[in-house]
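Scroll down for the structure; my scribbles are underneath it.
Keep in mind the model is a prediction, meaning the values are calculated, not measured.
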Amino acid sequence: MVLITGLCTFLYHLPQIYKWLLKPYYISSLLMTVAFLAVRKAPGVCEHLATQREDGNSCDFDWRETEILMFLCAIVMMKNRRAITLEQHIGNVFLFSKVANVILFFRLDIRLGILYLALCVAFVMTCKPPIYMGPEYIKYFSDKTIDEELQKDSRITWIVEFYANWASDCQSFAPVFADLSIKYNCAGLKFGKVDIGRYAEVSDRYKVSTSPLAKQLPTLVLFKEGRELIRRPMVDKKGRAVSWTFSEENIIREFNLNELFQKSKKLNKNRDLKEEEEQSNVQQDVSNKLHPDTIDVHPPAESKKDQ
């Protein structure tokens, strides 16, 4: 049953996977992931490699390499239990496969290990994961605009994501947050983002740490009248984030988005009614000014005494 579910999921996401494979970041990551397998199995190359197998077959994995690969599979499965999006699943596979490749290449030959490690460093410095460019209803703040926007209208509730471009968790969460903004954005409920990796003052002002050890990125905060009401993930006394899964279901439940959306729609209707009334009043004033003869002027009635 698990295999069938996995196969169906793969087939469902196959068009998206095909698009990913056309991007340089994913092509390079895929090649580096299978590098040791290709070297160990490549004819004409594997015959010259060292091996600890009793039969002396250098074109097959020895028991220690098999053990490392099995341990890699176990770690990837454990990490993917908390993964939400397909990007996170594939990112975990790429990351831990590279770590395993470094260990395997250093075991095989220290020169190959140094070469592969240098390639990994060059890859990290030159290749960045593609940024989400899909549809969204999100306002991007700077250090000068965030305070003004949050306090501008007390009737508007803001859900703000504090993120950094270099954080892989923020990049994986981007399509989830964009999808929520499309579903729930309205006049009284708005979504915003601020890059605290770029604006350090905002990080200090709103007490969101950018340290990788704190694990506070991304952070979602709900503001009402400029005041913070809800924050996820929460932070303990040591300044570390309490473990929390950034899934769409958790965000809807914790931030009570369905109820907020219904209240915000009522606010939107009230605004529309007021705008219609103001427009009708303006139109009536304009028509009165343009056609003063049409205004009914009734002379005051004379009293019996005056008659």
Side-chain angles (χ1 to χ4, degrees), residues 2-3 5-7 9-10 13-14 16-21 23-42 49 52 60-132 163-176 211-218 233 240-241 243-247:
V2 176
L3 293 176
T5 304
L7 180 61
T9 304
F10 176 78
H13 292 286
L14 187 59
Q16 190 176 3
I17 295 174
Y18 179 73
K19 291 180 180 179
W20 287 344
L21 293 178
K23 297 180 180 179
Y25 174 82
Y26 292 107
I27 293 174
S28 303
S29 295
L30 182 61
L31 293 176
M32 296 185 69
T33 298
V34 300
F36 184 81
L37 176 64
V39 170
R40 179 58 89 179
K41 294 293 184 178
L49 300 177
Q52 296 182 2
D60 202 357
F61 301 117
D62 59 38
W63 68 274
R64 180 65 71 181
E65 292 170 350
T66 305
E67 189 178 43
I68 293 173
L69 292 174
M70 294 295 292
F71 185 65
L72 166 67
C73 294
I75 292 178
V76 170
M77 291 177 63
M78 290 177 61
K79 292 295 292 184
N80 279 345
R81 290 175 59 186
R82 294 186 57 190
I84 304 167
T85 62
L86 191 60
E87 291 92 338
Q88 289 178 319
H89 286 279
I90 296 178
N92 288 334
V93 173
F94 286 159
L95 174 62
F96 291 102
S97 296
K98 291 170 187 174
V99 174
N101 276 319
V102 170
I103 298 172
L104 291 169
F105 274 119
F106 268 104
R107 264 194 86 254
L108 184 63
D109 191 329
I110 190 171
R111 292 170 297 179
L112 293 176
I114 293 173
L115 176 61
Y116 185 81
L117 185 60
L119 288 175
C120 289
V121 173
F123 174 80
V124 171
M125 295 179 64
T126 57
C127 293
K128 300 297 181 182
I131 300 174
Y132 175 77
Y163 74 102
N165 281 326
W166 51 262
S168 59
D169 291 339
C170 296
Q171 295 167 358
S172 301
F173 178 63
V176 178
S211 172
L213 299 177
K215 296 183 178 181
Q216 295 185 26
L217 295 177
R240 291 178 59 87
S243 180
W244 195 72
T245 303
F246 280 88
S247 64

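- The distance from the CG atom of L104 to the CD1 atom of I68 is 4.5 Å, given to the nearest 0.5 Å.
- In plain terms, the two heavy atoms of P233 and K215 that are nearest each other are CG-O, 4.5 Å.
- When the ring-ring contact (aromatic ring centres under 6.0 Å, His included) test is applied to W244, the partners found at least two apart in sequence or on another chain are F246.
- With sequence neighbours excluded, the residues that form a side chain to side chain donor-acceptor pair (under 3.5 Å) with N92 are N80.
- Atom CD of Q216 sits about 8.5 Å away from atom OG of S211, to the nearest 0.5 Å.
- In this structure D60 satisfies the salt bridge (charged side-chain N to carboxylate O under 4.0 Å, His left out) test together with K41, R53, sequence neighbours excluded.
- Evaluation of the side-chain contact (heavy atoms from CB on, under 4.5 Å) rule for A122 yields no partner, not counting sequence neighbours.
- R64 meets the salt bridge (charged side-chain N to carboxylate O under 4.0 Å, His left out) test with E67; sequence neighbours excluded.
- Shown here are the ring-ring contact (aromatic ring centres under 6.0 Å, His included) partners of Y25, two or more places apart in sequence or in another chain: F123.
- For the ring-ring contact (aromatic ring centres under 6.0 Å, His included) test, no residue two or more places apart in sequence or in another chain qualifies with F96.
- Between the CD1 atom of I110 and the CD1 atom of I114 there is a distance of 5.0 Å, given to the nearest 0.5 Å.
- Under the side chain to side chain donor-acceptor pair (under 3.5 Å) criterion, S243 pairs with R82, not counting sequence neighbours.
- Scored by the ring-ring contact (aromatic ring centres under 6.0 Å, His included) test, F36 finds F105 as partners (sequence neighbours excluded).
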Requested in this report: Go through the steps for K98 and V124 under the test side-chain contact (heavy atoms from CB on, under 4.5 Å), then give the verdict.
Outcome: CA-CA 11 Å; K98 291 170 187 174; V124 171; over 6 Å; no
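- Under the 3.5 Å distance criterion, the side-chain polar atoms of T245 are left unmatched by any main-chain donor or acceptor of S247.
- The backbone N or O of F106 sits nowhere less than 3.5 Å from a side-chain atom of Y116 that would complete a donor-acceptor pair.
- Of all the heavy atoms in L37 and F61, the pair that sits closest is CD1-CZ, 3.5 Å.
- Checked against side chain to side chain donor-acceptor pair (under 3.5 Å), D169 has no partners two or more places apart in sequence or in another chain.
- For L95, there are no side-chain contact (heavy atoms from CB on, under 4.5 Å) partners two or more places apart in sequence or in a different chain.
- Without hydrogens or angle criteria, N101 side chain to V34 main chain gives no donor-acceptor distance under 3.5 Å.
- In terms of heavy atoms, V93 sits closest to S97 at O-OG, 2.5 Å.
- Residues passing the side chain to side chain donor-acceptor pair (under 3.5 Å) test with E65 are R40, sequence neighbours excluded.
- The two residues C170 and L217 come nearest to each other via the heavy atoms SG-CB, 3.8 Å.
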